[in-house]
Amino acid sequence: MTSHQRHLDLFWDDDVTRYDFGPGHPMDPVRLALTMSLVRAFGLDRLPNVTVRSAPAAGDSTLGLVHDPDYVAAVREVARTGEPDPSRGLGTEDNPAFAAVHEASALIAGLSVAGAEAVWRTHARAVNFAGGLHHAMPGSASGFCIYNDAALAVARLLELGAERVAYVDVDVHHGDGVQQAFWDDPRVLTISLHEHPRTLFPQTGWAEETGGPAAEGTAVNLPLPAGTGDSGWLRAFHAVVPELLAAFRPQALVTQHGADTHVEDPLAHLAVSLDAQRVVAAALAGLADEHAGGRWLALGGGGYAVADVVPRSWTHLVAIAAGRPIEPEQETPEEWRADVMRRTRQHAPLRMTDGMPATWKDFDGGYDPADRLDQAVLATRRAVFPHHGLLP
């Protein structure tokens with residue numbers, strides 16, 4: 001089956017917007033509602049090869065693939081009482097307590113796990129842009145993330161019989177929770193491109209973090225200098241990800257597409273455009289077809305420019321996964337602009353582009369030893385490429 005004919009399961013449930021830490025919190029669920037609104041305005045949900053579907057919330061046994069039972073019980077208790085449990089990262093400034101904290105988090109996890117099941121059983125594609133909550137740890141919440149749906153999806157693929165799963169995370173923050181879950185598991189390759197831990201939460205994701213004793217070289221970290229823009233970000237991605245996926249030969253690919261690499265994002269310091277985010281989504285679609293039999297689960301993640309950036313970035317992702325990419329110069333639909341104004345009192349962007357060329361120079365064409373980005377790429381390649389039989 002060619003990639004443009006692949007079936008796409010788009011996971012959506014209005015109740016994901018109950019994942020709401022309250023007024024003033026950066027993780028405003030309006031970003032999810034506005035993404036689905038834009039998907040619908042472009043008619044992507046009505047394409048013949050696209051099914052929009054929900055799924056049950058993850059139950060305790062599923063959550064237990066990654067999370068400690070005591071932690072799940074603690075989340076339920078916080079939901080019931082509203083009392084914070086700071087020892088588990090619940091009811092903190094980053095993760096305020098709210099009544100639906102267990103239900104909404106378990107629903108998002110359930111959608112990602114159902115996406116993993118769909119791609120494994122049918123060689124299809126799946127998207128859950130409400131997912132990608134990659135900071136949650138086995139026993140604690142962290143960084144706006146309660147349950148780690150990304151790690152749970154990978155764990156479900158292993159449970160279904162996958163022998164090799166690759167996870168690629170292009171959020172501006174290090175995918176620390178997913179790395180932690182599979183640190184010593186040679187069946188899972190985790191690759192994270194992120195802003196350097198010196199300048200950004202969670203202060204992990206150094207090139208030297210390469211996996212536990214049983215899984216050397218299966219944790220890959222590419223920390224990028226603050227201020228990195230399109231050409232550097234794309235150069236770094238293409239210098240590391242394609243070769244590693246070709247060597248690892250995953251049977252499924254899970255990707256996390258946090259939109260917070262964007263130059264307008266208020267919580268981080270990269271300078272990436274919507275156009276470069278689109279290029280990476282398209283590259284990952286191709287890599288899934290080339291190396292993972294077409295089995296591709298794409299998740300959302302961070303992104304706090306909730307009207308300007310996130311809906312356009314993730315609508316491009318859905319369109320690419322559906323095999324019907326949207327031209328960057330395309331105007332945003334009038335009905336969506338009206339929805340943005342109604343929900344946020346902001347003017348919506350007029351086009352699906354930032355007007356950037358999104359070009360880069362291949363690392364193989366030679367590197368500049370004085371360039372901080374090239375130094376970062378080379379450090380990552382030296383740390384992990386030999387474990388995969390590759391030359392740095």
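Just so you know, these numbers come straight off a predicted model, no measurement behind them.
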**Report entry** CD1-CD distance between Ile191 and Gln256, expressed to the nearest 0.5 angstrom
**Finding:** 13.5 Å

Requested in this report: Test Tyr147 against every option in His102, His135, His134 by the ring-ring contact (aromatic ring centres under 6.0 Å, His included) rule and name the one that passes.
Outcome: His102

Query raised in the report: Do any N or O atoms from the side chain of Gln277 and from the backbone of Ala259 form a donor-acceptor pair under 3.5 angstrom?
Result: yes

Report task. Decide, yes or no, whether a salt bridge links Asp339 with Arg342 under the criterion of side-chain N to carboxylate O below 4.0 Å. Result -> yes

Requested in this report: Could you tell me whether the side chain of Arg125 and the main chain of Ala321 form a donor-acceptor pair under 3.5 Å?
Outcome: yes

Report task. May I ask you to decide whether Arg18 forms a salt bridge with Asp20, counting only side-chain N to carboxylate O separations under 4.0 Å? Result -> no

Query raised in the report: Under 4.5 Å between side-chain heavy atoms, hopping through other hydrophobics if needed: is there a path connecting Val254 to Phe237?
Result: no

Report task. Drop me the distance from Leu47's CG to His7's NE2, to the nearest 0.5 angstrom. Result -> 11.0 Å

Query raised in the report: Do Glu331 and Arg337 sit within salt-bridge range, that is, some charged N less than 4.0 Å from a carboxylate O?
Result: yes

Query - Side-chain donor-acceptor pair present, Glu329, Thr353, cut-off under 3.5 Å - result: no

Query raised in the report: Is the side chain of His196 donor-acceptor paired with the backbone N or O of Arg198 at a distance under 3.5 Å, no angle test?
Result: yes

Report task. Give me the one residue out of Asp371, Asp374, Asp362 that meets salt bridge (charged side-chain N to carboxylate O under 4.0 Å, His left out) with Arg235. Result -> Asp374

Query - Modelled atom types, side-chain donor and acceptor of Ser273 and His262, under 3.5 Å - result: no

**Report entry** Whether over 12 other heavy atoms sit under 6.0 Å from Arg372 CZ
**Finding:** no

Report task. Establish, yes or no, whether a centroid distance under 6.0 Å links the rings of Trp12 and Phe129. Result -> yes

Requested in this report: Examine the side chains of Asp171 and His173 and answer whether a donor and an acceptor come within less than 3.5 Å of each other.
Outcome: yes

Query raised in the report: Just by distance, with hydrogens left out, do Ser140 and Arg88 show a side-chain donor and acceptor under 3.5 Å apart?
Result: no

Report task. Keeping the roles fixed (side chain from Asp94, backbone from Phe144), state whether a donor-acceptor pair exists under 3.5 Å. Result -> no

Query raised in the report: Distance only, no hydrogens: is a donor on one side chain within 3.5 Å (strictly under) of an acceptor on the other, for Thr255 and Trp296?
Result: yes

**Report entry** Basic-acidic side-chain contact under 4.0 Å: Glu335, Arg40
**Finding:** no

Report task. Drop me the distance from Leu253's CG to His291's NE2, to the nearest 0.5 angstrom. Result -> 10.0 Å

Query raised in the report: Sub-3.5 Å donor-acceptor pair from the side chain of Asp275 to the main-chain atoms of Ala358, do we have one?
Result: no

**Report entry** Lys361/Asp368 ion pair, N-O < 4.0 Å
**Finding:** no

Query raised in the report: Do we see a donor-acceptor contact under 3.5 Å between the side chains of Ser192 and Asp169?
Result: no

Requested in this report: Using only heavy-atom distances, determine whether the side chains of Ser54 and Asp13 contain a donor-acceptor pair under 3.5 Å.
Outcome: yes

Report task. Could you tell me whether the side chain of Thr380 and the main chain of Asn221 form a donor-acceptor pair under 3.5 Å? Result -> yes

Query raised in the report: Quick check: does any side chain N or O of Arg6 sit under 3.5 Å from a backbone N or O of His123, one acting as donor and the other as acceptor?
Result: yes

Requested in this report: Output yes when a side-chain donor or acceptor of Arg187 lies under 3.5 Å from a complementary backbone atom of Arg164, and no otherwise.
Outcome: no

Query raised in the report: Does any donor atom in the side chain of Thr204 or His174 lie under 3.5 Å from an acceptor atom in the other side chain?
Result: yes

Report task. Report yes if some heavy atom in the side chain of Phe21 is under 4.5 Å from a heavy atom in the side chain of Asp28; otherwise report no. Result -> no

Report task. Evaluate ring-ring contact (aromatic ring centres under 6.0 Å, His included) for Trp360 paired with His238, printing each intermediate quantity in order. Result -> CA-CA 9 Å; Trp360 72 96; His238 287 282; 4.1 Å; yes

